[in-house]
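The structure appears right after this line, and notes come after that.
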Amino acid sequence: MITLALSKGRIFEDSLPLLAAAGIEVLEDPEKSRKLIIGTTRPDVRVVLVRASDVPTYVQHGGADLGVAGLDVLLEHGDGLYRPLDLRIARCRMSVATRADFDYAHAVRQGARIRVATKYTQIARQHFAAKGVHVDLIKLYGSMELAPLTGLADAIVDLVSTGSTLKANQLVEVEKIMDISSRLVVNPAALKLKRAPLRALIDAFEQAVESRA
Ligand SMILES: Nc1ncnc2c1ncn2[C@@H]1O[C@H](COP(=O)(O)OP(=O)(O)OP(=O)(O)O)[C@@H](O)[C@H]1O
Ligand SMILES: O=P(O)(O)OC[C@H]1O[C@H](OP(=O)(O)OP(=O)(O)O)[C@H](O)[C@@H]1O
């Protein structure tokens, strides 16, 4: 049995065409069912539904053989996973945003200090350290846009796609940190034990990604 970890929502939706190209269809719609383990048209392949940020944990500890997770989630999780493929789905960017009246260029001069609220503390820490800026990180789990508006922080580090969330809250994107997309991650031990079927699946995903490019 091969177990694939996916999160509900955009990763599940965007993974469906790649699964279809690999000849796999899921047998249930996670938006309609409360089931957490879903069968597929391949009797030896099942999908487990987990929180986006739990995908690396499931794959690393063998709760799933492989999974799909955003680069943001993987960088926050750290090492321990084989990452063979950029699936080019759920594309967005990690950026710094502030209120329009905040002087970001002045705030990030060498040796300065800035208060940053974010869910992505590893990425933010690394980014400001590379600039030589001292950062006071405030960990949040959502609605980061509120932080600069309420005086909780000077800036946020968050995902941006269309920019409409920032715009709706009168924030401006002042710096792009990196492009983000979702990656296929594989448990290294599973790859040894189930080499042939996993390799075939990875190759099918790779071909599907290439043909969509
Ligand atoms: N607006 C967006 N446009 C495109 N991709 C996005 C966007 N927001 C997030 N993503 C990508 O999709 C992935 C999954 O996002 P999703 O919103 O489903 O989970 P989440 O709510 O961030 O995670 P969790 O449930 O663990 O808190 C993110 O890790 C990111 O890589
Ligand atoms: O630049 P935008 O297109 O507005 O997307 C950015 C938003 O998307 C993500 O949130 P979430 O997944 O909660 O939002 P979504 O499902 O509405 O995209 C992210 O945390 C931003 O808040």
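Just so you know, ligand 1 is whichever comes first in the structure, and atom 1 is the first atom listed for that ligand.
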Suppose we measure from atom 3 (N) of ligand 1 to each protein heavy atom; which comes out shortest, and what is that distance?
S161 CB, 3.4 Å

Looking at atom 23 (O) of ligand 1, what's its closest protein heavy atom, distance included?
A52 CB, 3.3 Å

Run the numbers for me: atoms of ligand 2, each under 4.0 Å from some heavy atom of V160, listed by number.
1 (O)

Side chains of R212 and P17: closer than 4.5 Å at any heavy-atom pair?
yes

Nearest-neighbour protein heavy atom for atom 26 (O) of ligand 1, which is reported as residue plus atom name and distance
S53 OG, 2.6 Å

Atom 5 (O) of ligand 2 sits nearest the protein heavy atom S161 N, 3.7 Å

Can you measure from OG (S95) to CG (L171) and round to the nearest 0.5 angstrom?
12.0 Å

Which ligand 2 atoms are under 4.0 Å away from a heavy-atom of G163?
1 (O), 2 (P), 3 (O)

Quiz question: by atom type and distance under 3.5 Å, do the side chains of S181 and R91 form a donor-acceptor pair?
no

Salt bridge check, E210 against R88: does any charged N sit closer than 4.0 Å to a carboxylate O?
yes

Could any protein non-hydrogen atom be found less than 4.0 Å from atom 20 (O) of ligand 2?
yes

Would you give the length of the straight line joining atom OG1 of T98 to atom CG of D154, rounded to the nearest 0.5 angstrom?
9.0 Å

Considering non-hydrogen atoms of the protein only, which is the closest contact for atom 16 (P) of ligand 1, and what is the distance?
R10 NH1, 3.7 Å

Please report the shortest heavy-atom distance between Q110 and K131, naming the atom on each side.
NE2-O, 3.4 Å

More than 12 non-hydrogen atoms from neighbouring residues, nucleotides or ligands closer than 6.0 Å to CD on Q170, yes or no?
no

Among I156, L166, D72, L159, closest by any non-hydrogen atom to atom 6 (C) of ligand 2:
L159

To check your reading of the model: name the closest protein heavy atom to atom 28 (C) of ligand 1, its residue, and the distance in Å.
D72 OD2, 3.4 Å

Residue-level breakdown please: for D158 versus ligand 2, do any non-hydrogen atoms fall below 4.0 Å on the side chain, on the backbone, on both, or on neither?
side chain

Atom NE2 of H61 with >12 non-hydrogen neighbours under 6.0 angstrom
yes

I need the nearest protein heavy-atom contact for atom 4 (O) of ligand 2: residue, atom name and distance, please.
T165 OG1, 2.4 Å

For ligand 1, which atoms, with element, lie under 4.0 Å from some heavy atom of V73?
29 (O)

Per-atom filter on ligand 1: closer than 4.0 angstrom to a heavy atom of A90 are 4 (C), 5 (N), 11 (C), 12 (O)

Under a heavy-atom criterion of less than 4.0 Å, does G9 contact ligand 1?
no

Could any protein non-hydrogen atom be found less than 4.0 Å from atom 12 (O) of ligand 2?
yes

If you count heavy atoms of other groups shown closer than 6.0 angstrom to CZ of R113, is the number above 12?
yes

Count the heavy atoms belonging to other residues, nucleotides or ligands that lie under 6.0 Å from NZ of K139, then report whether that count exceeds 12.
yes

Between ligand 1 and R51, is the shortest N or O to N or O distance under 3.5 Å?
yes

Look at atom 4 (C) of ligand 1 and say which protein heavy atom is nearest, naming residue and atom and giving the distance to 0.1 Å.
R91 O, 3.3 Å

Enumerated ligand 2 atoms positioned under 4.0 Å from heavy atoms of T162
1 (O), 2 (P), 3 (O), 4 (O)

Least distance between heavy atoms, S182 atom then D86 atom:
O-OD1, 3.5 Å

re atom 22 (O) of ligand 1, the protein heavy-atom contact at minimum distance is K119 NZ, 3.2 Å

Closest approach of A69 and V55, non-hydrogen atoms and distance?
CB-CG1, 3.9 Å

Looking only at heavy atoms, which two atoms of V133 and A107 are closest? And how far apart?
CG1-O, 4.3 Å

Heavy-atom contacts with G70 under 4.0 Å: which atoms of ligand 1 show up? List them by number with element.
31 (O)

Ligand-side contact atoms (ligand 1) for residue partner I180, heavy atom cut-off under 4.0 Å
31 (O)

Minimum heavy-atom separation for K8 to P30, with atom names?
NZ-O, 3.5 Å

Under 4.0 Å from atom 16 (O) of ligand 2, do we find at least one protein heavy atom?
yes

Does ligand 2 have any atom sitting under 4.0 Å from a heavy atom of E145?
yes

What are the two closest heavy atoms between L27 and T40, and how far apart are they?
CD1-O, 3.6 Å

Those atoms of ligand 2 less than 4.0 Å from some heavy atom in S164
1 (O), 4 (O)

To check your reading of the model: name the closest protein heavy atom to atom 14 (C) of ligand 1, its residue, and the distance in Å.
I11 CD1, 3.9 Å

Could a heavy atom of R10 be found less than 4.0 Å from some atom of ligand 2?
yes

Check this for me, if you would: do D179 and R93 make a salt bridge, where the nitrogen-to-carboxylate-oxygen distance has to be below 4.0 angstrom?
no

Measuring to protein heavy atoms, does anything land under 4.0 Å from atom 8 (O) of ligand 2?
no

